[in-house]
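I have placed the structure first, in the form of structure tokens, so that the comments after it can refer back to it.
As the structure is a computational prediction, the values presented were derived from the model and not from experiment.
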Protein chains: 2
Amino acid sequence: MVNNMEKQQIIQLLHENGLKATLQRQIICEYLFNTDEHPTAEQIMQKISEKYPTISIATIYSTLKNLKEKKIIHELEFSNKLPSHFEPNTNPHINIICPKCHDILDFESETFTKFWKLIVQEINRSPERHVIDIYALCEKCQVKK
Amino acid sequence: MVNNMEKQQIIQLLHENGLKATLQRQIICEYLFNTDEHPTAEQIMQKISEKYPTISIATIYSTLKNLKEKKIIHELEFSNKLPSHFEPNTNPHINIICPKCHDILDFESETFTKFWKLIVQEINRSPERHVIDIYALCEKCQVKK
DNA sequence: TTCTTTGCAAACAGTTTGCACCTAT
DNA sequence: ATAGGTGCAAACTGTTTGCAAAGAA
């Protein structure tokens, strides 16, 4: 979990970024900032339906789009058939993704951080965004195999 | 250009991988293995229409899918709205992608190769696939800005 | 009040699929 | 001969959009 945010902090964060603190946005942020999951829009929808059954999938997408534009969250994009996943960790880091069950794990280490700085220096441009994904079977799927 | 392949080599490559060497596949491979571009299915379609006007987009997609399954080519997948790009370079390498014009450049260096091995060791799983994308404005788009 | 956001359904775009015909081996 | 490939159009799916009603500032 990157941040463990409470209601007041969330409202403040939204306002700081020029976003109106609607109930829907608060609930979406509350979930997203307090989980290690990397949920899809649909998964967020289902989670939130418990508390807020009338929320629409278009609102989820719209909120996620807003948060992404403000660089508050990061979108993990895959192929056309697979839905995007979202997470609040916006530091460059590796996502270890299971090709079977699509479970996603964040990976950060000193070696990686040091290494990545060197690479970015070598490339000598200002990166807007970093996507570093390693596809490897998770422990559960490795056993099942 | 990773490989500069001639007709005979392409036919052999297809056969080695248990794929029938149809004319369509030969032409697709011939283009893909002899360019530094990272074309989309649609771009391949347009290029190939010159030589082979009756080819269908479904055939392109099907061939690309086959080549990918045999690990002969690599698919660069983006968001749902953007089409995938394809390239014959299947070694772990960085793709430097321009967020404006979507131009894609392969980047490999000794530093990268050395460190990537270390990182993979640290993670201690057998990766099936690596996706390392850096989004940074290309020179052309930087100027225009 | 004013400007933004919500929520619904319809639209969108890249990709896949079903199926009849064709072709490489 | 026959397993596998092609090509068309229709289907699929995650995401976006237009618009009227509701809500935050």
Side-chain angles (χ1 to χ4, degrees), chain A residues 7-8 10-29 38-46 48-49 51-70 72-86 102 104, chain B residues 7-8 10-30 38-46 48-49 51-70 72-86 102:
Chain A
K7 268 219 158 64
Q8 271 320 307
I10 288 169
I11 293 172
Q12 200 185 325
L13 179 74
L14 290 168
H15 284 172
E16 279 168 1
N17 285 280
L19 299 170
K20 289 192 176 170
T22 64
L23 189 52
Q24 293 91 331
R25 286 180 179 164
Q26 289 178 44
I27 294 176
I28 293 170
C29 287
H38 296 64
T40 64
E42 201 61 53
Q43 285 166 346
I44 295 173
M45 170 81 169
Q46 278 172 24
I48 281 175
S49 300
K51 284 190 186 178
Y52 198 110
T54 62
I55 200 162
S56 139
I57 192 71
T59 303
I60 310 265
Y61 276 112
S62 144
T63 297
L64 292 171
K65 193 181 173 186
N66 283 320
L67 295 174
K68 190 186 161 191
E69 274 167 15
K70 302 297 183 186
I72 299 171
I73 62 168
H74 183 243
E75 179 177 5
L76 290 146
E77 300 171 294
F78 303 100
S79 79
N80 251 48
K81 270 296 150 65
L82 296 172
S84 288
H85 291 243
F86 297 86
H102 302 114
I104 299 168
Chain B
K7 269 218 158 66
Q8 272 317 309
I10 288 169
I11 293 172
Q12 199 186 326
L13 179 74
L14 290 168
H15 285 171
E16 278 168 0
N17 284 279
L19 299 170
K20 288 189 179 172
T22 64
L23 189 53
Q24 292 90 332
R25 287 182 178 163
Q26 289 178 43
I27 294 175
I28 293 170
C29 288
E30 205 183 344
H38 296 62
T40 63
E42 202 61 52
Q43 286 166 347
I44 295 172
M45 171 80 170
Q46 277 171 25
I48 281 176
S49 301
K51 285 191 187 178
Y52 197 111
T54 63
I55 201 163
S56 139
I57 192 71
T59 302
I60 310 265
Y61 276 113
S62 144
T63 296
L64 292 170
K65 193 181 173 189
N66 284 318
L67 295 174
K68 190 187 161 193
E69 274 167 16
K70 302 296 183 183
I72 298 172
I73 62 168
H74 184 244
E75 179 176 5
L76 289 146
E77 300 171 294
F78 303 99
S79 79
N80 251 48
K81 269 297 150 65
L82 296 172
S84 288
H85 290 243
F86 298 85
H102 301 113

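- Checking Q12(B) against E16(B) by side-chain atom types alone, a donor-acceptor pair falls below 3.5 Å.
- The residue T40(B) sits apart from the nucleic acid: no heavy atom pair falls under 4.0 Å.
- Look at CD1 on I60(B): it is 11 Å from C1' on dG7(D), rounded to the nearest Å.
- Rounding to whole angstrom units, CD1 of residue I57(B) and P of dT15(C) are separated by 8 Å.
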Next item on the list: Kindly indicate, with the supporting measurements, whether the criterion side chain to side chain donor-acceptor pair (under 3.5 Å) is fulfilled by E77(B) and S84(B).
Entry: CA-CA 5 Å; E77(B) 300 171 294; S84(B) 288; 4.9 Å; no
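- A side-chain donor-acceptor contact under 3.5 Å links Q43(B) to the backbone of T40(B).
- The side-chain contact (heavy atoms from CB on, under 4.5 Å) test with I44(A) is passed by exactly one of I57(A), I60(A), I27(A), I55(A): I60(A).
- A side-chain donor-acceptor contact under 3.5 Å links R25(A) to the backbone of K20(A).
- In this structure, F78(B) has its ring center under 6.0 Å from that of H85(B).
- Here the P atom of nucleotide dT15(D) and the CE atom of M45(A) are 13 Å apart, to the nearest Å.
- Straight-line distance from the CD1 atom of I27(B) to the P atom of dT6(D): 11 Å, rounded to whole Å.
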Checklist line | Summary of protein contacts for nucleotides 17-25 of chain D, nucleotide by nucleotide, where a base hit scores B, a sugar-phosphate-only hit scores S (4.0 Å, heavy atoms) | finding: B-----BBS
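- Atom CZ of F86(A) is separated from atom P of dG14(D) by 13 Å (rounded to the nearest Å).
- Rounded to a whole Å, the CZ atom of R25(A) is 11 Å from the P atom of dT4(C).
- A donor atom on one side chain and an acceptor atom on the other are not found under 3.5 Å apart for T59(A) and Q24(A).
- Backbone-only contact: I55(A) has heavy atoms under 4.0 Å from sugar-phosphate atoms and none from a base.
- When heavy atoms are screened at a 4.0 angstrom cut-off, F78(A) is found touching no nucleic acid atom at all.
- Atom pair L64(B):CG and dT16(C):C1' shows a separation of 13 Å (rounding to whole Å applied).
- Spacing between atom CG of L82(B) and atom P of dG14(D) amounts to 17 Å, rounded to whole angstrom units.
- Between Q24(B) and the phosphate of dG7(D), there is a side-chain N or O to OP1/OP2 separation shorter than 4.0 Å.
- For dG14(C), neither phosphate oxygen OP1 nor OP2 lies less than 4.0 angstrom from any side-chain nitrogen or oxygen of S84(B).
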